[in-house]
Amino acid sequence: MSESLLHPPVKRIRHLIFLKDVLILALTCFGGPQVHLVMFLERFVHKHRYLTEEELLELQALCQVLPGPTSTQTITALGFKIGGPNLAYLTLLIWSLPAVTVMTFAALGIYYLQKHQISLAFMRFVEPMAVGFLAYGGYTIGAKVVQKNSHWLILITAAVVAYLFPSPYMTPIVIVMGGLVTSLEFRKHQKMDKNPIHIEWANFFLWLGVLIFAAALGAITHSLPVRLFENFYRNGSLVFGGGQVLNPMLYTEFVEFKKYLTRQEFLSGMALAQVIPGPVFSIASYIGALSMRTEGGIINQLWGSMAATTGIFLPGTFLIFFVYRFWNSLKKYRGIRASLEGINTASVGLTVAAVIRMFIPTATNSTAVFAVIGTFILLKYTKVPPYAIVLGGILLGVLFH
């Protein structure tokens, strides 16, 4: 039955059941968007019939071509479809809160160990494993999106440019240029009957206004929490391809460029994000908390986590609210469909550059090299879940330590 035909009490009960389903998934969804989609299909389509399988797959496809966290946008858009903006924001909160909480406390735990001069040597295998995870993620995406010689050219160019100029300001340039190159090949795409596009601009201006205001406020106040919010909001507005692309962007900005975290700390957090259920973008909470340790006190670290978490999730939410309303009309334009090829391919190039930069420091350590290669092989040729691989790496580190 259509949502609009339900009586208010029935609607409220339906919304509560939906939010309960979201909480269950937030506590049980391990892995990336592909794994999440399977569980979304089982619970939202087959069990409770909030929408059809075709509708969910189309929604997932839309979120894959928007910047931001794919699974988070998909489940938030579903909340929007069922109950409007209020239910959508509640959905976002419930879906992300468990992972965000765990990653925040992981950052506090690592800071506690460092403060008391307790060695992190038990993470010795986990750090190179994170490089293996990133390499496999890039390989998986690349196998899907790199189909032509022009794609290879974009990938190699993006990787070289990103490697030679490891600046967060280079990321949007690489992504936009990739999209422009393939958009010129729009004539190779099938024509579709077009309908007039009716655009409601409120959420777009909200997204853009927050971006400009945060950047200006950070420049004026030099407040670290405000700058963290702006940094993550900008990254959340630019990342295409999920966590596999987000991680190298964050590594470039917060390890190599701003040096808020060490390489060891970042890779440890990146691996831990594979262990917990929910959105992989929760690594932002970890980085935000550790970035604020210089300010002193747990409260400041919690503020850092909150600023980073809000920053990384808000832009994708604003954009899905904006585009969802006219996506059916927009996707019929050949230039739009063609540009997505270049955007996705350039994102793979960014991942390749990050893998190389992360791998080079470990190249002289045979144990680390073995961990990177072993992780890649396990992910590609076995069905061992990522969290089991990471927990195994921690166990090995404890035994050998």
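By the 4.5 Å heavy-atom criterion applied to side chains, Leu302 and Leu108 are counted as neighbours. Thr52 has its side chain out of reach of Val45: every pair of non-hydrogen atoms, C-beta onward, lies at least 4.5 Å apart. In this structure, the side chains of Tyr251 and Met270 stay at 4.5 Å or more apart for every pair of heavy atoms. For the pair Arg263 and Thr362, the minimum side-chain heavy-atom distance is below 4.5 Å. Between Val100 and Phe313, the closest side-chain pair of non-hydrogen atoms falls below 4.5 Å. Counting heavy atoms from C-beta outward, Phe229 and Leu217 have side chains that stay 4.5 Å or more apart. Under the 4.5 Å side-chain criterion, counting only non-hydrogen atoms from C-beta, Asn203 is in contact with Arg325. A heavy-atom distance below 4.5 Å is found between the side chains of Gln114 and Arg293.
Across every non-hydrogen atom of Phe322 and Glu200, the tightest pair is CD1-O, 3.3 Å. Contact record, Leu272 with Ala106: CD1-CB, 4.1 Å, taken as the closest heavy-atom pair. Of all heavy-atom pairs between Ala284 and Ala308, the closest is O-CB, 3.2 Å. Between Leu228 and Gly288, the closest heavy-atom pair is CD1-O, 3.9 Å. In terms of heavy atoms, Ile276 sits closest to Ser282 at CD1-OG, 3.8 Å. Pairing each heavy atom of Pro225 with each of Met292, the nearest pair is CG-CE, 3.6 Å.
Separation of the Tyr89 and Phe321 ring centroids falls under the 6.0 Å cut-off. Between Phe266 and Phe254, the ring center distance fails the sub-6.0 Å criterion.
Separation of atoms CG (Leu51) and CG (Leu41) is listed at 8.5 Å; rounding is to 0.5 Å. If you take CD1 on Ile82 and CZ on Phe18, they are separated by 4.0 Å, rounding to the nearest 0.5 Å. Within the model, atoms CG of Leu246 and CD1 of Ile312 stand 5.0 Å from one another, a figure rounded to the nearest 0.5 Å. The OH atom of Tyr163 lies 8.0 Å from the CZ atom of Arg357; values are rounded to the nearest 0.5 Å. From Glu256, atom CD reaches atom CG of Leu261 across 12.5 Å, with rounding to the nearest 0.5 Å. Leu350 contributes atom CG, which lies 8.0 Å from atom OG1 of Thr252 (distance to the nearest 0.5 angstrom).
Tyr286 contributes a side-chain N or O that, together with a main-chain N or O of Glu265, makes up a donor-acceptor pair within less than 3.5 Å. Of the possible polar contacts, one joining the Ser183 side chain to the Leu180 backbone as a donor-acceptor pair under 3.5 Å is found.
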Candidate pair Thr221 and Arg227, rule side-chain contact (heavy atoms from CB on, under 4.5 Å), full reasoning: CA-CA 9 Å; Thr221 65; Arg227 284 187 285 126; over 6 Å; no
CA sep, side-chain torsions, deciding dist, call: Tyr50, Lys81, side-chain contact (heavy atoms from CB on, under 4.5 Å): CA-CA 9 Å; Tyr50 296 112; Lys81 176 182 176 67; over 6 Å; no
Step-by-step side-chain contact (heavy atoms from CB on, under 4.5 Å) determination, Phe44 to Val22: CA-CA 9 Å; Phe44 293 143; Val22 172; 4.3 Å; yes
From CA spacing to verdict: side-chain contact (heavy atoms from CB on, under 4.5 Å), Phe232, Ile287: CA-CA 10 Å; Phe232 281 96; Ile287 296 173; 3.7 Å; yes
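Under a cut-off of 6.0 angstrom, the local environment of CG in Leu184 is crowded, with over 12 non-hydrogen atoms contributed by other residues, nucleotides or ligands.
A perpendicular orientation is assigned to the rings of Trp95 and Phe40, their planes being inclined by more than 60° (bins at 30° and 60°). In this structure, Phe204 and Trp207 have tilted ring planes: the angle between them lies in the 30° to 60° band.
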